[in-house]
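To start, the structure itself, in structure tokens.
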2 protein chains.
Amino acid sequence: MNSIAYIIDDDSAVRDALQWLLQSRGVQCQAWDSADAFLASATNELFGCCLLDVRMPGMSGVELFDRMRSIQCQLPVIFLTGHGDVPMAVKALKDGAFDFVEKPYDDNALVDKVLAAFAHDERRIARAESVNLVRQQLAQLTQREHEVMQRILAGKLNKVIADELGIAMRTVEVHRSHIFEKMQVRSAVELSQRLATLGDTGAT
Amino acid sequence: MNSIAYIIDDDSAVRDALQWLLQSRGVQCQAWDSADAFLASATNELFGCCLLDVRMPGMSGVELFDRMRSIQCQLPVIFLTGHGDVPMAVKALKDGAFDFVEKPYDDNALVDKVLAAFAHDERRIARAESVNLVRQQLAQLTQREHEVMQRILAGKLNKVIADELGIAMRTVEVHRSHIFEKMQVRSAVELSQRLATLGDTGAT
DNA sequence: CTCACTATTGTGGATATCCGCAAACGGCCA
DNA sequence: TGGCCGTTTGCGGATATCCACAATAGTGAG
């Protein structure tokens, strides 16, 4: 899995300069001259980070950022801007942008930021994968199994669960066994821990 | 528990204006004319948010921010600055500042930000309290109980735990019982869930 | 209609967990 | 030295969990 810096800027000189800089440091790049072009060609699984010009004809960088988030693209975004605008920077960062850099940028600092964004994205992907695994396992559970699991996680005894659902204890045991099998755990404790990963946001 | 806006600014005109604005909206305030004065008089339990001038004689707002974090003061900080400085805003936000506002500020917007910071701090306090409770309970456990608990959370059977620790199963059962009592849970599942709150960062 | 899946229940036994009752040993404090 | 705490262990019983074997029933797909 290779990290790629996705450059979106309408100015070909800027694109070329960024590509030259990053590639000279061993960073793979892909460049687009508009937000629309980027969205059209690469909406699927991306990995790395985005270098996004704030001011562009057509869809602005900020709009593209919103659009990406609305289609579940969580790629870290480094904004590039020519005119220092504090409120815009603040809003972008509070909305989850990874960084906000003024042009002219310092080459070394920018490369560092890209690498930091790469590292950030690697952690994000790792988290997303483990969360996805759990989601897939949860999706395999039947409705009844969900009802039972929920009560297991509430620490209830099979007997109590059976009473609540109006079924025999033996049936609960069977469901319980199926749940453990599908979730690939061997105890209620492991089940609880596996599901705990869903709630975690994993800060930093 | 009342939220308070802690204003730190060397300019008395700014302090007065902020106090007037916030108090007219029903927000309680306390003001200091320097970072040192603030640190000296109010290092303990604060609740609400900080309005911090970036540029001040002596310790700057940014330095005060670092200092606060280093002494475990997690009060949300809203920076106020006269001269738009994007890199500084970006750094502050990436370091965990709540907001970064340029002067002259918009009254309504600033009040909104303060209220948002209050809400943020309320959530932080709530999280911290539940985490503290768990930490206190954990502190009550003896060394041996910790060893047993760790293995319970690994999903191990009493029998296995006994073997690993070289003690009788009955002893493990006793420890187990004490652990549950001290942690105020009634099953390994609840124990696991209670400890899961420690790992959570609770984003947003 | 038959097959696969889900839900349901029973019997009976092997394990595990939970607990009260009892007790022994070492360390620390008054 | 006696009490308190932590650690240890045993006995025995009440519950609970885990599972193989076996069976009934409804539902949707092919």
Side-chain angles (χ1 to χ4, degrees), chain A residues 130-199, chain B residues 130-199:
Chain A
S130 75
V131 166
N132 262 344
L133 173 61
V134 176
R135 282 201 202 289
Q136 282 176 20
Q137 291 175 333
L138 278 177
Q140 291 177 1
L141 298 182
T142 67
Q143 177 59 36
R144 205 50 156 171
E145 285 164 352
H146 270 290
E147 293 170 6
V148 173
M149 186 181 71
Q150 171 188 331
R151 288 167 173 78
I152 290 175
L153 292 174
K156 291 175 180 170
L157 299 178
N158 286 352
K159 186 181 174 182
V160 177
I161 298 175
D163 283 347
E164 285 186 10
L165 297 180
I167 58 181
M169 223 179 66
R170 183 67 184 89
T171 309
V172 176
E173 291 173 25
V174 172
H175 286 316
R176 191 187 185 100
S177 161
H178 288 163
I179 292 166
F180 285 1
E181 190 182 354
K182 288 180 178 176
M183 298 301 291
Q184 297 197 296
V185 296
R186 285 168 55 249
S187 69
V189 177
E190 285 182 45
L191 178 64
S192 160
Q193 289 171 351
R194 177 140 320 184
L195 291 179
T197 69
L198 290 181
Chain B
S130 75
V131 166
N132 262 343
L133 173 62
V134 177
R135 282 200 202 290
Q136 282 175 21
Q137 292 175 332
L138 279 177
Q140 291 176 0
L141 298 183
T142 66
Q143 177 58 35
R144 204 51 156 173
E145 285 163 355
H146 269 289
E147 293 170 6
V148 173
M149 186 181 72
Q150 171 189 332
R151 288 167 172 80
I152 290 174
L153 293 174
K156 292 174 179 171
L157 298 180
N158 286 352
K159 186 182 173 182
V160 177
I161 298 174
D163 283 347
E164 285 186 8
L165 297 180
I167 57 181
M169 224 177 69
R170 185 65 183 90
T171 310
V172 176
E173 290 173 25
V174 172
H175 286 316
R176 191 185 183 102
S177 161
H178 289 162
I179 292 166
F180 286 2
E181 189 182 353
K182 289 179 178 176
M183 298 300 293
Q184 296 199 296
V185 297
R186 282 168 58 250
S187 70
V189 177
E190 284 182 45
L191 179 62
S192 159
Q193 289 171 349
R194 177 139 320 184
L195 291 180
T197 68
L198 290 182

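The sequence lines fix the lettering, A, B, ..., with proteins before strands; numbering per chain opens at 1. Please read all numbers here as calculations on a predicted model, not as lab measurements.
- Counting to the nearest Å, the C1' atom of C:dT6 and the CD atom of A:Q140 are 15 Å from each other.
- Applying the side-chain hydrogen bond (donor to acceptor under 3.5 Å, both in side chains) criterion to A:E147, with sequence neighbours excluded, gives A:Q143, A:R144.
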Indicate every side-chain donor-acceptor pair of residues 178-186 of chain A with a distance under 3.5 Å to a residue at least two apart or in another chain.
from	atom 1	to	atom 2	distance (Å)
A:K182	NZ	A:Q140	O	3.1
A:K182	NZ	A:E145	OE1	2.9
A:K182	NZ	A:E145	OE2	3.4
A:Q184	OE1	A:Q137	NE2	3.2

When you check every protein heavy atom under 4.0 Å of nucleotides 7-20 of chain D, what one-letter string (B, S, -) results, 5' to 3'?
SBBBB----SBBBB

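- Distance check, rounded to the nearest 0.5 Å: CG of B:L198 to CG of B:N132 gives 10.0 Å.
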Using a 3.5 Å cut-off and no angle test, enumerate the donor-acceptor pairs between side-chain atoms of residues 159-171 of chain A and protein atoms at least two apart in sequence or in another chain.
from	atom 1	to	atom 2	distance (Å)
A:E164	OE1	A:R151	NE	2.6
A:E164	OE1	A:K156	NZ	3.3
A:E164	OE2	A:K156	NZ	2.9

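- Partners of A:R176 under the side-chain hydrogen bond (donor to acceptor under 3.5 Å, both in side chains) rule, at least two apart in sequence or in another chain, are A:N158.
- Within the 3.5 Å criterion, the main-chain N or O of B:L138 finds a donor-acceptor partner in the side chain of B:H146.
- Taking five base pairs at each end of the helix from C:dC1-D:dG30 to C:dA30-D:dT1, the local helix axes there meet at an angle of 40°, rounded to 10°.
- Nearest approach of A:A188 to B:V189, heavy atoms of both residues: CB-CG2, 3.3 Å.
- The two residues B:V134 and B:T197 make their nearest non-hydrogen contact at CG2-OG1, 4.0 Å.
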